[in-house]
Every structure is written in structure tokens, then in C-alpha cells.
Number of protein chains: 2
Amino acid sequence: MRISDLARRAGTTPRALRYYEEQGLLHPARLASGYRQYDEQALRVVRHIQLLLSAGLNTTAIAEILPCIPDDVTVLAPTCPELLDGLAAERARITRAMQQLGAARDVLDRLLQSDPR
Amino acid sequence: MRISDLARRAGTTPRALRYYEEQGLLHPARLASGYRQYDEQALRVVRHIQLLLSAGLNTTAIAEILPCIPDDVTVLAPTCPELLDGLAAERARITRAMQQLGAARDVLDRLLQSDPR
DNA sequence: CTTGACTCTCACGTCAACGTGAAGGTTTAG
DNA sequence: CTAAACCTTCACGTTGACGTGAGAGTCAAG
């Protein structure tokens, strides 16, 4: 699978995929021509990257987490133990972010409540 | 109340407060010396700004929303009707963001589940 | 009346996740 | 065999919410 195929299937751009590789998140094989070659597994990895990015993790944190995410999603990983503290901290950060989003949504709801429609 | 007092009470910096003013979010009075003078109400406004910023709204959107938020929080605002669509869109965006955060947290939870402690 | 802690207004720097050409090689359909 | 449509590697540009001095005025205490 070539870069723009994967980009299309993941709903992103070739540039983003090259950037992920530059940050150590993807490691595609290379053809003799230099073209990047992605396998099916790469699509799931990219989806994980997008999810974690949208959760506010940066590429550095994701680079540490990704190797701990098993290929087969139904099987739990032998979690990298040195990351547990960091992961718990990120989890707490996400929970706080969700609470803040909820509070912000409540503010908007107070305004939308008097909707004349 | 001077700028660094408000900054301390709001857990932010003078620079951020000047930036908010530059973006039209705050309108402090000025002393003859040119010093900014903030009233108690300003603290609540700053908290609203922080909340909405953390929810992913930019200063432009917040500048439109703020005048619709009543001083007395217990009273609903006569909502600015032209903003309803934008507010609803932001609300939807926040809901999606919360869902993505939840999904990302689930990913982390799968990894944390095998915590040996 | 001076010193230290504020304050003011420019104005450039930062950081992360890409966007956007530039200049050139590769693949594939006709 | 050629032209379109890919791909490659630099490398600089963008965006938003500030950080960080620079240079200068202001205020409160001793």
C-alpha cells in the first residue's frame, strides 16, 4: 500500500504520514525506488495515532505508548512497566479535560436554553 | 485590582490578561498612570475565558460569546440570537471531543489494566 | 529621594502538527 | 515512449496563545 492510499483510508494526508514517521511513530518498508510501503497493520496504527493526538497527547508521548499497544487488539499487552506512571498521568489529564469540556458545554447550554425556536 | 493580582487569583499571567484584552475579551478601566484596573467581575470573566479556551474555542469565538453571558450567573441571558447556530456547532464539537477523549482513555485503560501493582 | 517592585507598550520568539511549494526521480496507462 | 500521476527529500510558512526581553514610566516603603 502506498502513502496516498493509506492517507485516503485513514482520512489524512501523505504529509502527515511522513511527519509521523519522522517522529518515530511509523516505520514503513521501502521499495527499491525509495517509495514507502505500508501493510494493513499500519492503518490501525494510524487510527491509534489520530485518536491519541485528538486526546491531546503529543507525538513524543505517543511514540512511547505505541509499542505497548498489541497488534491484536483483543489481547492485552504485556504493558511496558516503566510507562505506567506516565500513562496514569495522561489518563488523569484526559479525565480533567473531559470534565472541563463538560463544564464548557454547560455554559453553552445555559445560553442555548433560551433558544426562541 | 491590578493586573498581577488578577493574574494570581486566576492562576494565569499578566501577559495572558493583556492578550485577552488585545483580543477584545477584557475591557479593564485605566488609571491616570495608564495602569489597568480590574473589578471583581473580571475574575469571573477570566474563569469563563479559561474554561472556553480549554474547551477548544478560540478567542474570536469567545469574544462573540462573552457578551451573552450574564453578569449574574443565576439569571439566563437574553441570548444573542444570531449566535445560536454557532453555539450549537460548538456544542456539537465539544460533544465529539468528549467522545474522542473517552475513546482515547479506553485505549489507555486497556494498557493500564495489566498493571502489576 | 532613592530603591525595588510594579506597570506600560512594542516587538520578536516559541511550539506542535502539519501545509506548501521546489526540484527531481518513478510508475503506469495508452 | 510519453505524459499524467504518482513518489522522494529538503526547507520554509502557518496558526494560536501566549513567553520573553527591551526600554521606560509609576508607586510604596524607608
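All chains are named by letter (A, B, ...) in the order of the sequence lines, taking the proteins before the strands, and each is independently numbered beginning at 1. Computation of the quantities below employed the complete heavy-atom set of this structure, encompassing side-chain atoms and omitting hydrogens, waters and symmetry-equivalent molecules.
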**Student:** Ignoring hydrogens and angles, are the base of C:dT20 and the side chain of A:Arg15 linked by a donor-acceptor pair under 3.5 Å?
**Tutor:** yes

**Student:** Provide the closest heavy-atom pair for B:Ala10 versus B:Val46 in the form atom of the first, atom of the second, distance.
**Tutor:** CB-CG1, 3.6 Å

**Student:** Ignoring backbone atoms, establish whether A:Thr59 has a side-chain N or O less than 4.0 Å from OP1 or OP2 of C:dA16.
**Tutor:** no

**Student:** Return no unless some side-chain N or O of A:Ser33 is found under 4.0 Å from OP1 or OP2 of C:dG25.
**Tutor:** no

**Student:** Taking all non-hydrogen atoms of both residues into account, name the closest pair between B:Ala16 and B:Thr12 and its distance.
**Tutor:** CB-OG1, 3.3 Å

**Student:** Start at the 5' end of DNA chain D and walk down; is the nucleotide closest to B:Arg2 or to B:Thr13 reached first?
**Tutor:** B:Thr13

**Student:** Over how many whole Å does the gap from B:Leu17 atom CG to C:dC6 atom P extend?
**Tutor:** 15 Å

**Student:** Check whether B:Glu90 reaches the backbone of A:Leu108 with its side chain - one donor and one acceptor, N or O, closer than 3.5 Å.
**Tutor:** no

**Student:** From the set D:dC18, C:dC18, C:dT7, return the single nucleotide nearest to any side-chain atom of A:Leu53.
**Tutor:** C:dC18

**Student:** Round to the nearest Å and state the distance from A:Arg18 atom CZ to D:dC12 atom C1'.
**Tutor:** 16 Å

**Student:** For A:Ile3 and A:Pro14, work out which heavy atoms get closest and say how close.
**Tutor:** CD1-O, 3.6 Å

**Student:** Test side chain to side chain contact (heavy atoms under 4.5 Å, CB included) on B:Val45 and B:Tyr20 and set out the steps.
**Tutor:** CA-CA 11 Å; B:Val45 175; B:Tyr20 296 159; over 6 Å; no

**Student:** In whole angstroms, how far is the P atom of C:dT28 from the CG atom of A:Asp5?
**Tutor:** 11 Å

**Student:** Starting at atom CD of B:Glu22, determine the distance to atom P of D:dG19, rounded to an integer number of angstrom.
**Tutor:** 13 Å

**Student:** CD1 of B:Ile3 versus P of D:dC27: gap in Å, rounded?
**Tutor:** 16 Å

**Student:** Just the rounded figure in Å: distance from C1' of D:dC18 to CD of B:Gln50.
**Tutor:** 13 Å

**Student:** Report yes if at least one side-chain N or O of B:Tyr19 is closer than 4.0 Å to OP1 or OP2 of D:dC18; otherwise report no.
**Tutor:** no

**Student:** With nearest nucleotide decided by heavy atoms, which residue, B:Leu31 or B:Asn58, maps closer to the 5′ end of DNA chain D?
**Tutor:** B:Asn58

**Student:** Closest to the B:Tyr35 side chain: C:dC18, D:dT8, C:dT7?
**Tutor:** C:dT7

**Student:** Considering every strand and a 4.0 Å limit on heavy-atom distances, what is the contact class for A:Arg36: base, sugar-phosphate, or nothing?
**Tutor:** sugar-phosphate

**Student:** Does a side-chain N or O from B:Tyr20 land closer than 4.0 Å to OP1 or OP2 of D:dA17, or not?
**Tutor:** no

**Student:** Rounded to the Å, how far apart are A:Gln37 CD and D:dT8 P?
**Tutor:** 11 Å

**Student:** Is any side-chain nitrogen or oxygen of B:Arg30 closer than 4.0 Å to OP1 or OP2 of C:dT9?
**Tutor:** yes

